[in-house]
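Notes to accompany the following structure.
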Amino acid sequence: MTDEAPVISAYDVSKRFVTKRRETSLKESAVRRGLRRGPRIEKDDFWALRGISLEIGRGQTVGLIGHNGSGKSTLLKTLAGILQPDSGSAHIIGRVASLLELGAGFNAELSGRDNVYLNAALLGLSRQETDDLFDSIVEFSELGDRIDDPVKVYSSGMYVKLGFAVAVHVDPDVLLIDEVLAVGDEAFQEKCLARIKGFQEAGKTILFVSHALDIVRSLCDRAIVLDHGRMVYDGDSDHAVRLLRGLLGVAELPETMAEAIKAEVVPLAIEDIEVAATPGGERLYAFGQGDPLAIRVHLDVQMDEQVWGGGDVTVVVMTGESTPLWVMSGGGEAHVRPEVGPWIVDFVVPVMPPVRGPFTVAVSVRDSASDRVLVARQFENALAAPGDIAEGWVYVPYEASVAQGIRT
């Protein structure tokens with residue numbers, strides 16, 4: 001440790017979003033408000049972050065990982081000053097370059113060239129400094145003649161290339177990166193990773209979000225795991241990755257967690273899973289886009305309320321490479337009570353999303369009182385969806401056209 005002040009710091013940061021829910025029927029309105037007519041908009045609180053505290057020293061590269069919706073992007077935006085916390089405080093010392101959202105800070109009506117100067121100015125560069133760096137930025141972005149096209153006609157990959165090229169040329173003290181690099185092609189990702197390693201060698205401070213856990217393990221000696229807005233681990237990146245995969249049910253639980261669970265006794269077991277078109281229907285192993293998907297989880301509760309207070313079941317649908325596609329957390333609708341015996345929990349997806357290639361399912365049960373994962377299991381039987389994963393995990397309908405002409 002050092003007496004030097006941390007470059008990035010957050011102290012007891014919490015962030016709340018208020019969502020609006022409209023009553024959908026007169027019956028619901030009457031039940032909630034008596035016999036007064038008309039729908040009413042109700043406000044619900046959603047806490048994206050709860051009591052986050054961290055310090056990151058100069059020259060550290062830290063990965064920020066967690067399931068979708070765990071609060072990673074919200075935390076980065078709060079640290080960057082884009083969002084203000086509802087409680088606590090967050091600070092960064094030095095020049096910050098951030099890639100937090102695809103196209104953030106771009107003016108869609110302006111050309112790529114104009115957006116380079118606009119973004120560079122926002123990041124603190126003078127006109128002369130940007131002039132000196134412009135050719136290098138364009139070369140790194142690989143946009144060539146397209147630099148003078150309006151960015152509204154850019155693909156998502158071109159957005160990322162231009163945004164990253166500007167960010168890494170401003171010589172930042174701190175680099176904040178969200179999952180935007182996943183949009184670029186493989187060759188460009190390798191170039192970006194090489195530049196990040198150059199920043200590491202230069203002693204820059206880097207905090208980035210990534211679902212590519214192998215990259216986190218190779219680049220970071222420290223990682224932070226978020227779960228439902230709370231920090232559940234901050235430390236060694238290998239251990240953090242194992243912990244997250246345990247939470248998602250895609251690997252064995254870390255030894256330290258397994259030992260803790262063993263000492264406190266695991267009150268239930270995940271026995272089996274059935275995947276069909278309807279709950280309890282004939283098992284299926286292949287699904288097409290638009291098909292219904294029903295996932296039935298069989299549990300065996302072995303201990304009553306004297307040992308635990310019940311748990312909530314979460315199902316994660318993943319690619320064959322254990323990348324989460326979507327998460328279904330039932331909460332009250334998938335709560336298992338502490339009553340000994342067999343239990344069945346059903347999750348129903350009315351319309352299968354356009355997934356390609358093999359996918360698999362993982363299940364975990366979280367203790368309602370302690371919010372700790374009690375047991376997690378991945379089911380090895382791969383399910384199939386039509387399509388070639390070389391074309392991407394998700395199929396998105398699109399149209400293409402070609403015409404010969406002169407650009408105006």
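For reference, positions follow the sequence shown, starting with 1. Keep in mind that the numbers below use all heavy atoms, side chains included, and drop hydrogens, waters and symmetry copies.
Every residue meeting the side-chain contact (heavy atoms from CB on, under 4.5 Å) condition with Glu129, not counting sequence neighbours, appears here in chain and number order: Leu125, Ser126. With sequence neighbours left out, the ring-ring contact (aromatic ring centres under 6.0 Å, His included) criterion links Tyr233 to His239. Asp173 pairs by the side-chain contact (heavy atoms from CB on, under 4.5 Å) definition with Arg95, not counting sequence neighbours. Applying the side-chain contact (heavy atoms from CB on, under 4.5 Å) criterion to Asp238, with sequence neighbours excluded, gives Arg217, Asp236, Arg242. Applying the side-chain contact (heavy atoms from CB on, under 4.5 Å) rule to Asp346 yields the partners Pro279, Arg296, Ile344; only residues at least two apart in sequence or on another chain are considered.
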Step-by-step side-chain contact (heavy atoms from CB on, under 4.5 Å) determination, Val174 to Val7 = CA-CA 8 Å; Val174 178; Val7 174; 3.3 Å; yes

Could you please spell out the steps behind the salt bridge (Lys or Arg N to Asp or Glu O under 4.0 Å) verdict for Asp149 and Arg146?
-> CA-CA 5 Å; Asp149 291 352; Arg146 299 296 304 276; 2.3 Å; yes

Step by step, would you call Val232 with Ile224 a side-chain contact (heavy atoms from CB on, under 4.5 Å)?
-> CA-CA 8 Å; Val232 296; Ile224 295 169; over 6 Å; no

Audit row: Val365, Asp312, side-chain contact (heavy atoms from CB on, under 4.5 Å) steps and yes/no = CA-CA 5 Å; Val365 181; Asp312 298 323; over 6 Å; no

Could you walk me through whether Arg127 and Asp132 pass salt bridge (Lys or Arg N to Asp or Glu O under 4.0 Å), step by step?
-> CA-CA 9 Å; Arg127 176 83 184 196; Asp132 295 339; over 6 Å; no

Any chance you could lay out the side-chain contact (heavy atoms from CB on, under 4.5 Å) test for Trp326 and Val355, step after step, and finish with the verdict?
-> CA-CA 11 Å; Trp326 75 86; Val355 176; 4.0 Å; yes

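Val351 and Gly290 make their closest contact through CG1-CA, 3.5 Å (heavy atoms, listed as atom of the first residue, atom of the second, distance). Scanning both residues, Ala48 and Phe17, for their nearest heavy atoms gives CB-CE1, 3.5 Å. Here the closest non-hydrogen pair linking Met231 and Ile52 is N-CD1, 3.5 Å. In terms of heavy-atom proximity, Asn107 sits nearest to Asn115 at N-OD1, 2.7 Å. The heavy-atom pair separating His228 from Ser329 by the smallest distance is NE2-OG, 4.3 Å. Closest approach of Ser70 and His67 over heavy atoms only: OG-O, 2.8 Å.
Panel note: side chain Ser9, backbone Pro6; no donor-acceptor pair is recorded below 3.5 Å. At distances below 3.5 Å, at least one donor-acceptor pair connects side-chain atoms of Lys15 with backbone N or O atoms of Gln84. A donor-acceptor contact shorter than 3.5 Å links the side chain of Asp86 to the backbone of Arg16. Within the 3.5 Å criterion, the main-chain N or O of Asp12 finds a donor-acceptor partner in the side chain of Ser53. At least one donor-acceptor pair under 3.5 Å links the side chain of Thr205 to the backbone N or O of Gly59.
Note that CD1 of Ile215 and SG of Cys192 are 10.5 Å apart. Values are rounded to the nearest 0.5 Å. Interatomic distance, Ile206 CD1 to Cys220 SG, rounded to the nearest 0.5 Å: 8.5 Å. If you take CD on Gln189 and CD1 on Ile196, they are separated by 10.0 Å, rounding to the nearest 0.5 Å. The line from OG1 of Thr360 to CE of Met318 is 5.0 Å long, rounded to the nearest 0.5 Å. The distance from atom NZ of Lys72 to atom OG of Ser210, rounded to the nearest 0.5 Å, is 9.5 Å. Summarising the geometry, atom CG belonging to Asp221 is positioned 6.5 Å from atom CD belonging to Gln60; distances are rounded to the nearest 0.5 Å.
Proximity of Leu49 to Arg230: side-chain heavy atoms (C-beta onward) are nowhere separated by under 4.5 Å. The closest side-chain heavy-atom distance from Val327 to Thr314 is below 4.5 Å. At least one side-chain heavy atom of Phe208 sits under 4.5 Å from a side-chain heavy atom of Leu219. Taking 4.5 Å as the limit, every side-chain heavy atom of Ile177 sits out of range of all side-chain heavy atoms of Val209. No side-chain heavy atom of Leu284 sits under 4.5 Å from any side-chain heavy atom of Asp291. Side-chain contact check for Phe347 versus Val313: some heavy-atom pair is nearer than 4.5 Å. No side-chain heavy atom of Leu293 sits under 4.5 Å from any side-chain heavy atom of Val348. Residues Ile147 and Leu162 are in side-chain contact: their nearest non-hydrogen atoms beyond the backbone lie under 4.5 Å apart.
Cation-pi check for Lys161 over Tyr159 is not met; the charged atom does not lie both under 6.0 angstrom from the ring centroid and within 45 degrees of its normal.
In this structure, Asp178 does not pair ionically with Lys77, as no charged nitrogen and carboxylate oxygen lie closer than 4.0 Å. Residues Lys191 and Glu142 are paired through a salt bridge, judged by an N-O separation under 4.0 Å between the basic side chain and the carboxylate.
Between Tyr154 and Phe106, the ring center distance fails the sub-6.0 Å criterion.
A donor and an acceptor atom, one from each side chain of Gln200 and Thr61, are located under 3.5 Å apart.
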Review item, side-chain donor-acceptor pairs of residues 266-278, under 3.5 Å, at least two apart:
residue, atom, partner, partner atom, Å
Asp272, OD2, Arg283, NH2, 2.6
Glu274, OE2, His298, NE2, 3.0

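Ring pair His169/Phe140 is perpendicular by interplanar angle, where above 60° counts as perpendicular and below 30° as parallel.
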